[in-house]
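Some notes on the structure that comes next.
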There are 4 protein chains.
Amino acid sequence: MSLNKVMLIGRLGADPELKYSQSGTPVARMRIATSETYTDREGNRQESTEWHTVVVFQRQAENCANYLSKGSMVYVEGSLQTRQWQDQQGQNRYTTEIKGQRVQFLDRKGDGPGAPAQGGGERRSFQQPQQSQQRGGRQAPPADDGFDDLGPAFPSEVSGMDDVPF
Amino acid sequence: MSLNKVMLIGRLGADPELKYSQSGTPVARMRIATSETYTDREGNRQESTEWHTVVVFQRQAENCANYLSKGSMVYVEGSLQTRQWQDQQGQNRYTTEIKGQRVQFLDRKGDGPGAPAQGGGERRSFQQPQQSQQRGGRQAPPADDGFDDLGPAFPSEVSGMDDVPF
Amino acid sequence: MSLNKVMLIGRLGADPELKYSQSGTPVARMRIATSETYTDREGNRQESTEWHTVVVFQRQAENCANYLSKGSMVYVEGSLQTRQWQDQQGQNRYTTEIKGQRVQFLDRKGDGPGAPAQGGGERRSFQQPQQSQQRGGRQAPPADDGFDDLGPAFPSEVSGMDDVPF
Amino acid sequence: MSLNKVMLIGRLGADPELKYSQSGTPVARMRIATSETYTDREGNRQESTEWHTVVVFQRQAENCANYLSKGSMVYVEGSLQTRQWQDQQGQNRYTTEIKGQRVQFLDRKGDGPGAPAQGGGERRSFQQPQQSQQRGGRQAPPADDGFDDLGPAFPSEVSGMDDVPF
DNA sequence: TTTT
DNA sequence: TTTT
């Protein structure tokens with residue numbers, strides 16, 4: 001019986017990096033900042049920023065790479081994982097990352113595929129890099145793409161309460 | 001920007017009820033108890049129990065009906081939803097339920113399909129009620145059936161950190 | 001072993017109501033909306049809103065009454081509690097509420113006591129109702145008043161990592 | 001607007017280490033294991049363990065040192081923090097820890113100060129090391145000591161719903 | 001380095 | 001009854 005849960009709301013410090021594992025799995029890595037404000041002894045507002053590394057896989061990795069960029073605000077739910085690796089001196093080093101199970105995109109809510117583009121949220125074209133600046137190739141996002149608010153992970157219509165037979 | 005999140009760990013007060021919505025969607029309803037212990041002013045341990053109604057849908061509803069029973073311990077992640085309905089006097093009444101997005105089964109961990117049955121955890125036969133007492137019809141649970149610990153919602157192998165290409 | 005946890009981010013539908021229990025405990029009640037957006041089958045953005053009742057106690061109740069108002073955005077952490085009561089017909093009715101253990105104020109962060117007032121965030125004067133429209137009586141909020149981001153519940157300086165002796 | 005939240009349930013891999021910062025603040029460090037079980041492709045149960053470092057401060061640090069030991073099960077709520085430090089080669093290294101805001105003790109619930117000792121849960125005597133094996137010096141734990149279930153962080157009686165004036 |  |  002154990003629980004390993006992380007929940008973050010923050011902004012990307014850079015565009016997501018998308019790579020592929022040796023077995024071909026899409027993997028995206030994102031740096032996300034969370035900020036805590038507090039009042040110090042002199043009564044001044046202070047802010048301290050914490051940086052997190054989030055790794056996501058599969059279709060979600062591709063969605064993140066396609067729709068998120070530096071400055072995007074996201075909600076991330078995942079678990080903590082510490083990886084061991086070796087530095088150039090052959091010493092064991094450890095890196096703690098958040099394995100993201102769910103990433104929700106918090107910018108530009110209400111802006112679906114038919115909405116006018118306004119400087120953000122359009123599909124970034126990782127897979128067609130030659131179009132990356134031309135902004136003409138926007139596509140409708142897939143059904144469960146992260147453009148959702150922080151309610152359930154799945155669309156309401158799939159599991160609506162309207163028709164609960166109890 | 002909003003968040004609507006509930007996390008519970010508790011035990012079922014009764015077997016799950018499985019019904020089907022008019023559109024044929026499987027829906028399971030479970031009553032789950034959480035208990036809080038605290039020390040009163042006299043220094044005595046006190047316990048207060050809270051009862052929650054959890055509703056799950058689709059395949060997860062069937063898994064709950066098949067594998068959970070009165071007394072089972074579960075982890076539930078979901079969202080709050082309040083339904084309006086009318087009582088016999090035609091008055092509006094409200095019922096708050098937890099729409100479960102994830103239910104993890106916390107009993108009998110380590111007991112996979114090949115493990116010996118020991119008084120719990122076997123498949124209950126909602127869909128073959130005539131076998132419901134004979135216990136002979138056990139089946140291997142499906143791949144993502146809730147018999148998992150409280151880590152990520154998805155199997156590690158699907159998104160292992162071993163092969164992160166960064 | 002049980003867990004009963006609710007986390008909400010949403011906006012108040014009305015000003016908080018502050019009352020006092022028979023034993024004199026300050027109790028604030030707030031209605032909070034969370035909204036979920038999703039894409040329906042026709043590909044249109046839909047929004048569904050859920051309303052929650054949050055009850056907080058003691059100093060936090062007073063802080064909420066003093067600093068929050070209709071439209072304020074808050075983060076609430078608490079637990080689910082269902083109260084039984086009797087309607088006029090003497091029938092048992094049940095109301096589920098969130099007992100708030102922590103309420104963070106998400107509007108106007110960075111606006112401490114020395115910051116200029118700009119249409120929100122000033123202290124509402126529940127305890128001096130005759131001044132409630134004149135807005136001149138602003139006070140410095142107390143040290144742990146909810147004007148904090150969604151990090152730890154307690155100020156960093158109390159438990160900073162800078163000086164961890166390991 | 002940001003959120004930085006970690007929730008763990010797991011067991012201590014060793015007794016807590018209690019130290020004092022230069023300013024005299026008690027600081028406890030604990031290693032906590034969470035285990036995830038999953039079914040591999042061959043249908044076998046697999047378990048993978050993740051180790052976390054939790055740091056707590058002040059009175060909670062002392063409570064952890066006094067009441068927890070190797071093997072104790074705890075619920076931890078906190079936030080992620082990455083500290084920078086320098087190794088012997090003068091290189092920057094980073095360590096990610098969980099700053100615990102709340103630690104609940106999950107073993108032996110219902111065993112208050114008047115309950116018979118049975119091999120666990122008694123006060124460990126960090127501050128009176130000469131008594132550390134004799135087990136005679138048990139003390140009543142303080143009011144909010146972590147011997148509580150996973151409900152609200154504060155005792156029910158302080159903020160009971162029985163007397164809500166709405 | 002925990003536990004079942 | 002909130003908000004974008």
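In what follows, every chain begins at residue 1, and chains take the letters A, B, ... in the order their sequences are listed. This is a predicted model, so every value here is computed, not measured.
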Note to self: Nearest to the side chain of D:T49, heavy atoms from C-beta on, is which of F:dT1, E:dT2, F:dT3?
What the structure shows: E:dT2

Note to self: Run the side chain to side chain donor-acceptor pair (under 3.5 Å) test on D:E36 and D:Y38 for me, step by step, so that the C-alpha distance in whole Å, both residues' side-chain angles and the decisive distance to 0.1 Å come before the verdict.
What the structure shows: CA-CA 7 Å; D:E36 175 196 357; D:Y38 61 94; over 6 Å; no

Check: Are A:V6 and A:V76 close enough that some pair of their side-chain heavy atoms sits under 4.5 Å apart?
Finding: no

Next item on the list: Please tell me which of the listed nucleotides, E:dT1, F:dT1, E:dT2, lies nearest to the side chain of C:W51?
Entry: F:dT1

Next item on the list: Please report, rounded to the nearest Å, how far the C1' atom of F:dT1 is from the CG atom of B:N92.
Entry: 16 Å

Checklist line | For atom CD of D:E50 and atom C1' of E:dT2, their distance in whole Å | finding: 13 Å

Item checked: Per D:E47 side chain, nearest of listed nucleotides E:dT3, F:dT1, E:dT1 -> E:dT3

Next item on the list: Report the distance from atom CD1 of C:I9 to atom NZ of B:K5, rounding to the nearest 0.5 Å.
Entry: 11.5 Å

Notebook entry, point to check: How close or far is atom P of E:dT3 from atom CG of A:L3, stated in whole angstroms?
Noted result: 19 Å

Check: Could you give the CG-to-C1' distance, from A:L106 to F:dT4, as a whole number of Å?
Finding: 13 Å

Checklist line | Gap between atoms CE and P, on B:M73 and E:dT4 respectively (whole Å) | finding: 14 Å

Next item on the list: Please work out if D:T34 contacts a base, only the sugar-phosphate, or nothing of the nucleic acid, heavy-atom cut-off 4.0 Å.
Entry: nothing

Note to self: From CE of B:M1 over to P of F:dT3, roughly how many Å is that when rounded to an integer?
What the structure shows: 15 Å

Check: With sugar-phosphate meaning primed atoms plus P, OP1 and OP2, does A:S2 contact a base, only sugar-phosphate, or nothing at under 4.0 Å between heavy atoms?
Finding: nothing

Next item on the list: Rounded off to whole Å, could you give me the CD1-to-P distance for the C:I9 and F:dT2 pair?
Entry: 20 Å

Notebook entry, point to check: Among E:dT2, E:dT1, F:dT2, which nucleotide sits nearest the side chain of D:S35?
Noted result: E:dT2

Note to self: Looking at D:K70 and D:D15, is any side-chain nitrogen of the basic one under 4.0 Å from a carboxylate oxygen of the acidic one?
What the structure shows: no

Notebook entry, point to check: Closest approach of D:P16 and D:L68, non-hydrogen atoms and distance?
Noted result: CD-O, 3.3 Å

Check: In whole angstroms, how far is the P atom of F:dT3 from the CG atom of C:D107?
Finding: 10 Å

